[in-house]
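Have a look at the structure below, then the notes.
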Amino acid sequence: MIFSEFQNKQLSLLGFGAMRLPTLADGSVDEAQVERMVAYAIDHGVNYFDTAWPYHNGESEYVMGRVLSKYPRESFYLADKFPGHQHNDHYDPAAVFEKQLKKCGVEYFDFYLLHNVYERSMSVYLDPQWGILDYFREQKRLGRIKHLGFSTHANVEGLKEFLDIAGDDMEFCQIQLNYLDWTLQNARGKYDLLTKRGIPVWVMEPVRGGKLVNVSESATVKLRAARPDETTVAWCFRFLQGLPNVKMVLSGMSNEQQIVDNIATFEESRPLSPTEGELILKIAEELKGSVPCTGCRYCVAGCPMGLDIPFLLSVYNDLRYAPVTNTTLRIEALPESKKPDVCVGCGKCSRICPQNIDIPGAMQDFCELLEKVPSWEDICRERAATQPI
């Protein structure tokens, strides 16, 4: 197992993510299989386990607590998260934290995160009436949290804003990072900003929720030609192994074979060469099938509604590739007057676009895609009904 150093701790570079645990026919977590997976992981050097309040509708924390209770507490690191990103009328960090400790059967968390600090949740985390930051600072002082950090789906500007306010308290940051999102979601900009600020990077979605497991046949042929002994999944991890500030790669493994395969990849470090790095990023461009916006911003000056068209097109490209709620968060965070549905279809943008993009058509299609994806607010309402904060 490859290990990374974090504040004199040796962390397995591969972490066990508990968001996509195996399930039974009734939708409950297959605890017996999780137990076998955790045993295999620990036997092969994995020592970091990550859960969260909403995972598996709250069942993940219980399952991971029971399974890990079979091992000495000092033999593993456990991470959990406070769900301030969920839309609610009230937030009680003390009640949630105490319940999480009981659910996991532990007296402290090695790593604790503010869950998804982004443009819309930032005000919750920083609101003095909830006292979230103050409470978790105090828990760290008391030793009930060993290391405090946060996860985020914010854009670079939003990430910078939060770091400017609370960065001195944040010891690590978890971002969505893979070779596709390196450019598609500007993960490179986030990685560079965190590295400049001296904040270690934790990685989520290294294989894009499984989307990068089965790439096109042409892409697979190119990857096999370059590294005949590596799978498409291994290429995802090798890309990350070449980023020195990545200290943790979380993989949400759903069956025993996945953990066997992933651990095999992390037995040795084989980062991509410069040539291989160019290859994987070219494949990323092919996978996107994107509207070819270059970000020249000629269109912005003439838009009567003042829309940030390049930004909207970047999110549109992301949504076309994978229609998931994490992508729509970026639109939900915008003021109503800056969302794609305010486009009046005048066509001024298209007439000046060097790439001849049908921007009004893209905005219309964008709106139709957004209607098909559940909003984060709707998801939070459903969760709050069964698991209030």
Side-chain angles (χ1 to χ4, degrees), residues 116-123 126 152-165 175-177 179-197 281-282 284-373 375-377:
N116 191 13
V117 177
Y118 76 110
E119 288 77 7
R120 286 191 69 180
S121 67
M122 203 177 303
S123 59
L126 300 176
T152 183
H153 286 283
N155 59 32
V156 174
E157 292 73 21
L159 175 57
K160 181 179 184 300
E161 180 183 351
F162 182 72
L163 291 175
D164 287 344
I165 297 170
I175 63 173
Q176 182 167 317
L177 175 55
Y179 70 79
L180 180 71
D181 287 318
W182 189 245
T183 53
L184 187 57
Q185 289 196 7
N186 196 16
R188 178 174 187 169
K190 300 173 192 179
Y191 174 87
D192 289 344
L193 173 61
L194 291 165
T195 301
K196 183 178 180 180
R197 296 290 183 101
L281 291 178
K282 285 181 180 177
E285 292 303 314
E286 294 172 4
L287 294 177
K288 291 178 191 177
S290 301
V291 171
C293 175
T294 63
C296 70
R297 303 188 70 81
Y298 293 166
C299 55
V300 175
C303 177
M305 308 308 293
L307 296 178
D308 186 345
I309 294 170
F311 169 76
L312 293 175
L313 289 176
S314 72
V315 181
Y316 172 55
N317 281 332
D318 195 347
L319 199 63
R320 289 174 68 208
Y321 179 78
V324 295
T325 302
N326 280 348
T327 300
T328 63
L329 284 175
R330 301 162 71 190
I331 298 301
E332 291 181 39
L334 294 175
E336 292 298 323
S337 62
K338 300 301 179 183
K339 294 183 178 180
D341 60 358
V342 306
C343 172
V344 295
C346 67
K348 290 182 179 180
C349 48
S350 293
R351 289 193 289 273
I352 200 172
C353 176
Q355 308 304 318
N356 297 311
I357 299 170
D358 176 11
I359 297 172
M363 292 299 107
Q364 182 177 352
D365 187 48
F366 192 5
C367 293
E368 292 173 0
L369 284 173
L370 287 170
E371 290 178 358
K372 298 175 182 177
V373 182
S375 71
W376 181 244
E377 193 167 351

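Closest of all the heavy-atom pairs between Leu313 and Ala362 is CD2-CB, 3.9 Å. Closest approach of Ser123 and Arg120 over heavy atoms only: OG-O, 3.6 Å. Across all non-hydrogen atoms, the minimal contact from Ile175 to Ala187 is CD1-O, 4.3 Å. Pro304 and Val344 get closest at one heavy-atom pair: CG-CG2, 4.2 Å. Counting all heavy atoms, side chain and backbone alike, Pro310 lies closest to Gly295 at CB-CA, 4.2 Å. Shortest non-hydrogen contact noted between Glu119 and Gly158 is OE2-CA, 3.7 Å.
In this structure, the side-chain hydrogen bond (donor to acceptor under 3.5 Å, both in side chains) partners of Arg197, at least two apart in sequence or on a different chain, are Asp164. With sequence neighbours left out, the side-chain hydrogen bond (donor to acceptor under 3.5 Å, both in side chains) criterion links Lys288 to Thr183, Glu285. Residues satisfying the side-chain contact (heavy atoms from CB on, under 4.5 Å) test with Gln364, not counting sequence neighbours, are Glu368.
Pairs engaging residues 286-329 under the ring-ring contact (aromatic ring centres under 6.0 Å, His included) rule: Tyr316-Phe366 [sequence neighbours left out]. Counting only residues at least two apart or in different chains, salt bridge (charged side-chain N to carboxylate O under 4.0 Å, His left out) contacts with residues 293-318 comprise Arg208-Asp318, Arg297-Asp308, Asp318-Arg330. Listed by first and then second residue, the side chain to side chain donor-acceptor pair (under 3.5 Å) pairs that reach into residues 345-358 come to none, sequence neighbours excluded.
Put simply, CD on Glu161 and CG on Leu126 are 8.0 Å apart, with the number rounded to the nearest 0.5 Å. Within the model, atoms OG of Ser337 and CG of Leu307 stand 8.5 Å from one another, a figure rounded to the nearest 0.5 Å. Summarising the geometry, atom NZ belonging to Lys190 is positioned 13.5 Å from atom OG1 belonging to Thr195; distances are rounded to the nearest 0.5 Å. The CG atom of Leu319 sits 12.0 Å away from atom CG of Leu312, with the distance rounded to the nearest 0.5 Å. How far CD1 of Ile359 is from SG of Cys293: 7.0 Å, rounded to the nearest 0.5 Å. For the atom pair CD (Glu332) and NZ (Lys339), the distance works out to 6.5 Å, reported to the nearest 0.5 Å.
Thr152 places no side-chain N or O within donor-acceptor distance of the main-chain N or O of Tyr118, the cut-off being under 3.5 Å.
Of the residues Ile331, Leu370, Leu369, the one that meets the side chain to side chain contact (heavy atoms under 4.5 Å, CB included) test with Val315 is Ile331.
Other residues, nucleotides and ligands contribute more than 12 heavy atoms inside 6.0 Å of the CZ atom of Arg320.
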ask   = Please walk me through it: do Asn186 and Asn155 pass side chain to side chain contact (heavy atoms under 4.5 Å, CB included)?
value = CA-CA 8 Å; Asn186 196 16; Asn155 59 32; over 6 Å; no
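Cys367 has its side chain within reach of Pro340: a pair of non-hydrogen atoms, C-beta onward, lies under 4.5 Å apart.
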